[in-house]
Amino acid sequence: MIRLNPEQLVFVTERHLATLTTLRPDGTPHVVPVAFTWDADAGVARITTNRTSFKARNATPLPDGGDPRAALCQVAGGRWITLEGTIAVSEDEAEIADAVARYARRYRQLGPNPDRIVLRVTVDKVMASTYMAS
């Protein structure tokens, strides 16, 4: 499991947006701005979205049964971090509630949304600007 160093951990808890890159079925990249939260205990980034979004569609298992991959990239000035890993859709009520609570702490309170799901990125690779790299 990935553990972020102290500088990286601070950066992913500050109020910034990131880009999420997933792959469309034809292999082309789909890049969208997102808000995300970091679960340090699980080594997982979570994005809340609607179940009909393109990013959710791109997070479904691959035709060969493999796990799709994604990258989150957060940039602020000269600081940046990219979190890469497998991405999966979660419709688990407890995980959605936890993701919404974490989102409220980092960004703002979300209103009710019966179509809300969670995209879970299980991070296995981290890249960062030089001062955060080690």
Side-chain angles (χ1 to χ4, degrees):
M1 178 176 57
I2 292 288
R3 296 269 182 215
L4 300 183
N5 69 36
E7 291 83 9
Q8 294 168 343
L9 189 56
V10 166
F11 190 47
V12 298
T13 58
E14 294 172 350
R15 192 178 190 280
H16 300 291
L17 295 178
T19 58
L20 173 68
T21 302
T22 57
L23 296 179
R24 295 180 181 99
D26 68 1
T28 59
H30 177 252
V31 184
V32 292
V34 296
F36 76 96
T37 60
W38 175 250
D39 182 339
D41 293 332
V44 167
R46 290 188 181 89
I47 301 117
T48 62
T49 190
N50 288 322
R51 69 182 71 249
T52 59
S53 71
F54 282 105
K55 55 188 167 287
R57 289 185 214 165
N58 295 340
T60 59
L62 300 173
D64 66 3
D67 295 322
R69 294 190 56 82
L72 278 163
C73 184
Q74 178 175 291
V75 179
R79 299 182 302 160
W80 63 271
I81 190 168
T82 299
L83 307 172
E84 292 183 27
T86 58
I87 187 167
V89 173
S90 174
E91 296 188 35
D92 178 76
E93 296 289 331
E95 187 166 13
I96 294 169
D98 181 59
V100 167
R102 289 172 185 270
Y103 184 99
R105 287 192 296 273
R106 186 173 186 199
Y107 298 102
R108 62 177 175 78
Q109 187 66 48
L110 292 170
N113 179 352
D115 291 323
R116 182 174 290 124
I117 60 166
V118 169
L119 301 179
R120 182 187 328 110
V121 179
T122 303
V123 176
D124 56 30
K125 183 175 182 181
V126 176
M127 297 178 292
S129 50
T130 304
Y131 90 95
M132 288 193 292
S134 53

For the residue pair [X] and [Y], establish whether any side-chain heavy-atom pair is separated by less than 4.5 Å.
X: V32; Y: F54; answer: no
X: L83; Y: V121; answer: no
X: L119; Y: V89; answer: yes
X: F36; Y: L20; answer: no

Let me check something: do Y131 and I81 share a hydrophobic cluster, defined by ILVMFWY side-chain heavy atoms less than 4.5 Å apart, either directly or through other members?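 Y131 clusters together with I81.
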Linked, directly or transitively: L17 and V118 (ILVMFWY side chains, under 4.5 Å):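 Yes; V118 is reachable from L17 via cluster members.
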Could you measure the distance from the [atom1] atom of [X] to the [atom2] atom of [Y]? Nearest 0.5 Å is fine.
X: K55; Y: I47; atom1: NZ; atom2: CD1; result: 8.5 Å
X: D98; Y: T48; atom1: CG; atom2: OG1; result: 12.0 Å
X: F11; Y: W38; atom1: CZ; atom2: CH2; result: 14.0 Å
X: I87; Y: L23; atom1: CD1; atom2: CG; result: 10.0 Å
X: I96; Y: N113; atom1: CD1; atom2: CG; result: 9.5 Å
X: T49; Y: R57; atom1: OG1; atom2: CZ; result: 10.5 Å

L4/V126 under side chain to side chain contact (heavy atoms under 4.5 Å, CB included): CA gap, chis, key distance, verdict: CA-CA 8 Å; L4 300 183; V126 176; 3.8 Å; yes
Just by distance, no angles: are the side chains of D67 and T86 close enough, under 3.5 Å, to form a donor-acceptor pair? no
Validate the cation-pi geometry between R46 and Y103: distance from NZ or CZ to the six-membered ring centre under 6.0 Å, angle to the ring axis within 45°.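 Not satisfied by the 6.0 Å and 45° rule.
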Could you point out which residue of D26, T22, T28 forms a side chain to side chain donor-acceptor pair (under 3.5 Å) with R24? T28
E14 atom CD: more than 12 heavy-atom contacts under 6.0 Å: yes
Heavy-atom closest pair, residues [X] and [Y]:
X: A71; Y: E84; result: CB-CG, 4.0 Å
X: A18; Y: L72; result: CB-CD2, 4.3 Å
X: P68; Y: P61; result: CD-CA, 4.0 Å
X: Q109; Y: A104; result: OE1-CB, 3.5 Å
X: S129; Y: R79; result: OG-CA, 3.7 Å

Decide side chain to side chain contact (heavy atoms under 4.5 Å, CB included) for M127 and W80; before the verdict, give the C-alpha distance in whole Å, the side-chain angles of both, and the deciding distance to 0.1 Å. CA-CA 8 Å; M127 297 178 292; W80 63 271; 3.8 Å; yes
I'd like to know if the side chain of [X] and the backbone of [Y] have a donor-acceptor N/O pair within less than 3.5 Å.
X: S53; Y: A56; result: yes
X: R106; Y: V12; result: yes
X: Q8; Y: A128; result: no

Please list all pairs passing the salt bridge (charged side-chain N to carboxylate O under 4.0 Å, His left out) test where one or both residues lie in residues 121-130, with sequence neighbours left out. R69-D124
